[in-house]
Amino acid sequence: MLAKIGEIARQVALIALLAAFLEMLLPEKNITRYVRLVLGLFVVVAILTPLVEGLRIGPELELAAWDLRLDQVAAAPIQQGKELARTNEEAALEIYRNRLAGQIRALVALVPDVKEEEVTVEVAGDGERLGAIRRVVITAFLAAGEKDKGGEDFASSPGEDQTGENKDAGAKVIQSRIINMITHFYGLEPGQVEVKINGK
């Protein structure tokens, strides 16, 4: 304790000598009061610094402040919150996928000769493009007895074996229409859209 008092006295004496020296060097008297104010602050700092250092508990307190680790009881709510956020994200993505599939079904229904359609959508679940469409798989069922551009039936009708070129050509035209429509509407690459006609 006596060493700290001696250190405080030494610092205050040095500041007092510095103040006297500065007062002699200053040409104007109106600046003197500002110098005294600043040197008075130095005196306060010189007195308080050793006192504050004596009040510190030690390096353990500083380490505890930077190395804050939660025990298992305190970390449990944080883990539950993360799991709940993950569950909510998965539920939101499922709703998003279903709505996208519904939109695409409605678009495919606008294509002539398509009677029924099934749509599966894969979306990105993580990363910077959360919810971006990765892949769309469409299965289109054609109406029975529909005609292609040349007037020939390409969907099977009773008593006929319709496995010829007209059926394949008509199916390819419909497949191409669906791919073009979905890629343009959603800004996808053609490789991201797969179309199956009549489940093939």
Side-chain angles (χ1 to χ4, degrees), residues 1-107 119-137 181-194:
M1 185 68 176
L2 289 175
K4 287 186 180 179
I5 293 172
E7 183 183 345
I8 292 171
R10 191 169 38 254
Q11 288 182 357
V12 170
L14 284 173
I15 293 170
L17 284 173
L18 180 64
F21 183 68
L22 284 175
E23 281 185 26
M24 287 190 295
L25 291 177
L26 289 175
E28 298 180 16
K29 295 289 182 186
N30 56 359
I31 301 177
T32 306
R33 58 184 172 174
Y34 297 113
V35 173
R36 285 182 183 167
L37 174 68
V38 171
L39 291 173
L41 291 174
F42 280 142
V43 170
V44 170
V45 169
I47 293 170
L48 289 180
T49 301
L51 294 176
V52 170
E53 285 178 0
L55 292 176
R56 284 187 184 167
I57 296 171
E60 296 82 11
L61 180 62
E62 294 176 7
L63 181 62
W66 289 103
D67 191 25
L68 179 61
R69 293 181 185 173
L70 298 175
D71 59 353
Q72 291 183 351
V73 175
I78 295 173
Q79 186 63 30
Q80 289 173 353
K82 287 180 181 177
E83 290 173 5
L84 184 62
R86 194 177 311 114
T87 304
N88 288 342
E89 184 178 296
E90 289 172 4
L93 280 174
E94 185 62 30
I95 293 169
Y96 176 63
R97 271 194 298 267
N98 291 337
R99 290 190 179 172
L100 271 177
Q103 286 178 0
I104 294 170
R105 270 196 303 274
L107 287 171
V119 178
T120 305
V121 181
E122 292 179 19
V123 295
D126 52 0
E128 68 225 22
R129 298 198 63 205
L130 180 67
I133 299 173
R134 286 184 179 162
R135 190 164 178 256
V136 178
V137 179
M181 181 173 57
I182 300 303
T183 53
H184 287 118
F185 194 84
Y186 290 98
L188 303 174
E189 296 294 325
Q192 292 178 282
V193 180
E194 180 184 346

J.: Among residues at least two apart in sequence or on other chains, which ones pass side-chain contact (heavy atoms from CB on, under 4.5 Å) with R99?
T.: I95
J.: Going from CG on L188 to CD1 on I182, what distance comes out if it is rounded to the nearest 0.5 angstrom?
T.: 8.5 Å
J.: So, using side-chain contact (heavy atoms from CB on, under 4.5 Å) as the criterion, who are the partners of Q80 when residues are at least two apart?
T.: none
J.: For the atom pair CG (L100) and CG (L93), what is the distance rounded to the nearest 0.5 Å?
T.: 10.5 Å
J.: Is the closest side-chain heavy-atom distance between L41 and V45 below 4.5 Å?
T.: no
J.: Could you list the residues that satisfy salt bridge (charged side-chain N to carboxylate O under 4.0 Å, His left out) with E94, not counting sequence neighbours?
T.: R97
J.: Which residues satisfy the side-chain hydrogen bond (donor to acceptor under 3.5 Å, both in side chains) test with Y186, sequence neighbours excluded?
T.: Q103
J.: Please find the pair of heavy atoms, one from V12 and one from V43, that lie closest to each other, and give the distance.
T.: CG2-CG1, 4.2 Å
J.: State which residues pass side-chain hydrogen bond (donor to acceptor under 3.5 Å, both in side chains) with R135; sequence neighbours excluded, sorted by chain then number.
T.: E194
J.: Could I get the full list of side-chain contact (heavy atoms from CB on, under 4.5 Å) partners for E189, not counting sequence neighbours?
T.: Q192
J.: Only counting residues at least two apart or in another chain, list the ones meeting side-chain contact (heavy atoms from CB on, under 4.5 Å) with R10.
T.: E7
J.: Only counting residues at least two apart or in another chain, list the ones meeting side-chain hydrogen bond (donor to acceptor under 3.5 Å, both in side chains) with E90.
T.: none
